[in-house]
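In what follows, every heavy atom counts, from backbone to side chain, and hydrogens, waters and symmetry copies are set aside. So you know, we letter chains A, B, ... as the sequences are listed, proteins then strands, and number each from 1.
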Amino acid sequence: MPEAANMMTLDWNTIRIALGGAFCLLGALLCIIGTIGVLRFPDVYTRLHAASITDTSGAGFVLLGMALMAPDWIVIVKIVCVLIFLMLTSATSSHALVNAALTAGLQPKIGPMRKGQPEDEALP
Amino acid sequence: MMMAALIALIVSMCLLLIRALIGPTLYDRVLAVNSFGTKTVLLIGLMGFVMGRPDFLDIAILYTLINFVSTIAVLKFFRYRSFQVPLARRGEPRVEAQVTGGEPNA
Amino acid sequence: MHLLGILLAATAFWMANSGHYESLMLGFAAVSVVLTLILSLRFKIVDREGSPYVRLLGFLGYVPWLTWEVLKANWVVIRACLRADLDISPALVKVRTTCKSDLARVTFANSITLTPGTVTVEIQGDKMLVHGLYEANTVPESFIGMDARCARAADPKGAAA
């Protein structure tokens with residue numbers, strides 16, 4: 001029965017397509033989690049931590065999934081380029097953002113968060 | 001599977017737009033837009049794979065770099081209120097940046 | 001010397017991204033590489049920082065460890081995002097680095113920023129201001145390991161302790 005034999009053999013192409021899809025979905029879910037954090041956290045500095053989930057593991061897993069599904073090596077090279085650029089630029093722009101916020105006089109909230117604490121208001 | 005990932009990405013982008021719209025300070029908005037750009041890069045790449053044309057990744061690379069430059073440019077503009085601030089370079093006399101008036105917070 | 005480094009990097013980048021190797025396309029490649037070189041000469045960015053290939057091997061050893069650290073820190077922040085009650089307690093701490101060179105310090109600061117839950121806010125000399133999501137995880141002692149690895153990966157030989 002050749003068909004049954006075909007069904008039983010798990011060849012590498014099938015595995016990598018399925019695994020790639022799973023990794024892409026995982027990365028996209030991590031993006032949603034990071035966005036929920038951005039919506040929930042109380043001030044800019046803590047929101048930045050939530051956004052860095054998206055930038056590191058969310059993007060990493062999506063790109064890993066795409067690399068698993070890549071048809072040839074040139075696509076993998078491009079994905080690695082995207083990954084390197086994303087890691088370098090996200091760290092730098094996070095630092096620039098938080099440094100600009102501190103220079104502008106936005107004070108971070110320190111210490112344990114109380115329940116029902118109001119969000120920060122826009123400075124006049 | 002890929003379609004689910006695409007939809008999840010689009011949902012998270014929509015949620016992020018809320019933060020960009022209501023964000024109390026300027027920096028919340030810049031943060032939201034920067035994160036939005038990262039998700040756009042992922043969306044372009046995934047879209048290329050769904051449509052069977054991975055060449056879209058070239059556009060994704062470009063978008064990564066332009067996203068970074070635009071974030072830095074916006075932050076620099078709201079810090080100095082100008083794009084014409086010369087940066088100090090090693091070995092050259094430092095030009096003092098003139099910070100003009102205006103509240104840096106939107 | 002540094003010009004040669006940039007030339008090689010630009011050519012490799014073009015080759016890796018194009019995938020077309022006809023003579024016409026290679027002609028365009030040569031033109032664009034030369035244009036890039038002329039532009040970088042005009043911007044005066046052809047120096048030691050423009051082609052940092054000396055310590056590539058050190059960085060290659062550092063990246064897997066950093067990836068594992070990032071994954072571990074991700075788990076903490078994901079739990080913080082999904083908790084029903086917001087139990088975060090942000091903190092600002094001063095961290096002193098033992099890195100000597102600029103490159104090692106930048107690597108250290110960028111690694112702190114890349115790890116979710118901690119962000120480098122300001123650098124002055126060898127002191128860094130770090131903002132963290134949890135007070136318990138953000139103490140100066142928790143960055144000693146990363147500091148030592150950065151110094152080993154990026155500092156010039158002999159300077160590392």
Side-chain angles (χ1 to χ4, degrees), chain A residues 17-18 20-29 31-36 38-39 43-45 47-48 50-52 54-55 58-59 62-63 65-66 69-72 74-75 78-79 81-82 85-86 88-90 92-94 96-101 103-106 119-124, chain B residues 1-16 18-20 22-28 30-32 34-39 41-46 48-49 52 54-58 60-61 63-65 67-72 74-76 78-79 99 103-106:
Chain A
I17 296 287
F23 272 125
C24 283
L25 192 57
L26 177 63
L29 288 180
C31 282
I32 290 192
I33 291 173
T35 313
I36 291 172
V38 171
L39 286 175
D43 72 337
V44 183
Y45 302 91
R47 276 171 203 148
L48 197 83
S52 73
T54 309
D55 286 346
V62 171
L63 289 172
M66 289 203 282
M69 284 188 291
D72 53 1
I74 211 155
V75 177
K78 282 175 190 169
I79 287 171
C81 281
V82 174
F85 287 147
L86 261 186
L88 288 178
T89 59
S90 77
T92 313
S93 56
S94 304
L97 184 77
V98 88
N99 198 344
T103 312
L106 208 64
E119 289 207 346
D120 53 341
E121 300 292 321
L123 298 182
Chain B
M1 201 86 102
M2 296 296 283
M3 286 314 282
L6 265 182
I7 292 167
L9 265 182
I10 291 173
V11 166
S12 76
M13 285 164 88
C14 292
L15 288 175
L16 208 54
I18 300 175
R19 178 49 77 195
I22 68 169
T25 64
L26 165 78
Y27 303 101
D28 287 304
V30 176
L31 168 66
N34 186 16
S35 198
F36 195 83
T38 307
K39 291 191 176 76
V41 171
L42 300 180
L43 189 75
I44 292 172
L46 270 182
F49 270 90
D55 308 325
F56 275 33
L57 279 170
D58 294 334
I61 294 178
Y63 207 97
T64 317
L65 299 174
N67 183 32
F68 172 61
V69 172
S70 66
T71 306
I72 297 295
V74 168
L75 287 173
K76 186 179 168 187
F78 280 99
R79 189 155 169 184
V99 182
E103 279 295 316
N105 291 294

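- With a 4.5 Å cut-off on non-hydrogen atoms, L75(B) touches chain A through its side chain but not through its backbone.
- Within 6.0 Å of the CZ atom in F68(B), the count of heavy atoms belonging to other residues, nucleotides or ligands exceeds 12.
- To the nearest 0.5 angstrom, M13(B) atom CE is 11.5 Å from T54(A) atom OG1.
- By number of non-hydrogen pairs under 4.5 angstrom with chain A, the leading residue of L9(B), L42(B), T71(B), N34(B) is L42(B).
- Of the listed residues (L97(A), V82(A), L25(A), T92(A)), the one with the most heavy-atom contacts under 4.5 Å to chain B is L97(A).
- Between chain A and the options T64(B), V41(B), V69(B), L6(B), heavy-atom pairs under 4.5 Å are most frequent for T64(B).
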Start with the C-alpha gap between V98(A) and Y27(B), add the side-chain angles, then the distance that decides, and say whether side-chain contact (heavy atoms from CB on, under 4.5 Å) holds. CA-CA 8 Å; V98(A) 88; Y27(B) 303 101; over 6 Å; no

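- Side-chain contact, D55(A) with S52(A): no donor N or O sits under 3.5 Å from an acceptor N or O.
- In this structure, the portion of T103(A) lying under 4.5 Å from any heavy atom of chain B is its side chain and not its backbone.
- Note that the SG atom of C24(A) and the CG atom of L29(A) stand 11.0 Å from one another [nearest 0.5 Å].
- Options A96(A), A51(A), A59(A), A101(A) differ in how many heavy-atom pairs under 4.5 Å they form with chain B, and the most are formed by A101(A).
- Ranking I7(B), D55(B), L46(B) against chain A, the residue ahead of the rest is L46(B), based on heavy-atom pairs under 4.5 Å.
- The candidate with the highest count of non-hydrogen atom pairs below 4.5 Å against chain B, out of V62(A), I33(A), I74(A), is V62(A).
- Heavy atoms closer than 4.5 Å to chain A are found in both the backbone and the side chain of L31(B).
- Atom CE of M2(B) sits about 7.5 Å away from atom CE of M66(A), to the nearest 0.5 Å.
- Checked by atom type and distance alone, the side chain of R19(B) pairs as donor or acceptor with a backbone atom of L39(A) at under 3.5 Å.
- Residue F36(B) holds its CZ atom at 7.5 Å from SG of C14(B), rounded to the nearest 0.5 Å.
- Using a 4.5 Å cut-off between heavy atoms, V38(A) contacts chain B through both its backbone and its side chain.
- Proximity to chain B (any heavy atom under 4.5 Å) is shown, for A22(A), by both the backbone and the side chain.
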